[in-house]
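The next block holds one structure in the form of structure tokens; read it before the comments.
Counting convention: from 1, in listed order, for ligands and their atoms alike. Note that these values count all heavy atoms, side chains included, but never hydrogens, waters or copies made by symmetry.
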Amino acid sequence: MSDGARIPFGEREGALYRAHEVDNGLACACLCPACRHPLIAANRGTKVIPYFRHAADSDCVEGFLKGVLLKAREIVLEAQRLLLPAFEETVRDYAYSKVYTREVKLPAAEVVTERIEAPCDEDGLHADLALWIKGRRLLVIFGVAGRSISGKLKPLRETRQASMVVDLTHLELKTIHDPEAFRREVLGNPDNRRWVYSPRGEQEVRRAREALEADEARDLEAIRAKEQEWQRQLQDARRAPAKVPAGDAEHRPVYAPSMPLAASPALPQDHTAMQVRLNERALAIADSYRLVQSHTGGLGRECACCLMASALSDGPCPYCGEVGLFAPLEVTEYLANTILHRLRCTTRPDRSLERVPQLLSQASQADTNEAAPEPGFGG
Ligand SMILES: [Zn+2]
Ligand SMILES: [Zn+2]
């Protein structure tokens with residue numbers, strides 16, 4: 001016989017009894033807590049834990065479930081206290097090439113109830129118990145083998161009702177039969193309970209998120225400060241005279257960012273000038289991302305040749321004339337804000353410069369709506 005057919009509690013005059021507490025057989029005078037048909041107590045065995053079974057053939061399969069549920073409810077009603085589950089959640093975010101985390105941990109805690117209602121059916125919410133703690137309602141649902149509770153949990157979560165589950169699904173008949181052990185499982189086992197919705201937990205999660213966002217904002221500020229410093233260095237480098245081989249000075253164009261620098265054979269040898277060109281290319285790529293984000297709703301394409309971003313089109317790349325190789329690209333506000341920082345960690349400006357020494361147009365001019373160069377680009 002399976003545990004499911006063994007009924008742990010029989011009902012008599014409104015009270016629940018275990019099989020060893022009553023006379024053997026039909027003399028127990030107990031009814032099935034589910035179908036209310038007579039039960040037979042089997043309490044003479046020495047190897048088998050005492051149990052009840054239906055006296056007549058029965059289709060009833062809920063005797064076990066209903067008995068455990070009613071007894072669990074009765075125990076809380078008598079004790080007027082309950083251990084609340086612990087709350088643990090890790091708040092995570094990924095930004096600026098970094099993972100940000102904060103842990104939220106609230107320990108399990110026992111509460112004394114002011115009032116208990118059992119069961120609770122109201123506003124489409126069904127719970128086995130409604131406990132009032134410091135004037136606030138907490139709904140409790142018991143998980144029992146053979147009972148599906150997911151349909152009850154969804155509306156609780158959706159309406160943000162303070163609510164918890166005490167999961168008695170895996171209890172053996174032996175534990176249910178032992179009054180002290182069963183009581184402990186119902187009232188105080190920290191491992192068998194969990195929150196469906198914890199208002200305090202969610203409040204702590206919100207706080208953790210705010211702290212996380214503050215961490216991110218601080219880092220973004222530092223990144224922006226570095227970018228400003230970088231642009232300032234770029235300006236300084238532009239103002240400094242280019243190193244030109246002696247005797248050739250008259251024929252060489254004075255360094256200016258709009259000049260086709262790669263055409264000057266002497267300059268790539270010069271580390272400072274090369275750095276200036278790499279910086280400029282990174283700025284140009286970053287600007288092309290910002291344009292896609294601000295003018296085409298973020299949807300664009302990346303040229304496999306020059307690595308610049310441009311609006312979706314069938315035409316050639318506006319920056320290098322490449323016709324065939326594009327990857328679709330979605331530029332979020334976050335990506336547009338951080339792309340320059342990201343580019344500095346990659347060799348993409350180098351690759352772009354190597355393949356396309358001179359762009360056909362600057363990022364800010366590639367867009368028809370943007371006649372003037374954006375600040376920070378082009379000098
Ligand atoms: Zn029954
Ligand atoms: Zn291109």
- Query: the Zn ion (ligand 1) as vertex, arms to NE2 of H54 and SG of C60: angle to 10°?
  - Reply: 110°
- Message: Please report, to 10°, the angle around the Zn ion (ligand 2) from atom SG (C320) across to atom SG (C306).
- Response: 120°
- Carboxylate-amine/guanidinium proximity below 4.0 Å for R218 and E221: no
- Message: Quick check on the Zn ion (ligand 1): does C35 put an N/O/S atom closer than 2.8 Å to it?
- Response: yes
- Task: Tell me, please, if C303 has any N/O/S atom, main chain or side chain, under 2.8 Å from the Zn ion (ligand 2)?
- Result: yes
- Item | Salt bridge flag under 4.0 Å for residues R137 and E122 | yes
- For the pair E280 and R277, evaluate salt bridge (Lys or Arg N to Asp or Glu O under 4.0 Å) and give the outcome as yes or no after the intermediate values. CA-CA 5 Å; E280 282 194 328; R277 299 197 63 221; 5.9 Å; no
- Item | Heavy atoms of other groups near R160 CZ, more than 12 under 6.0 Å | no
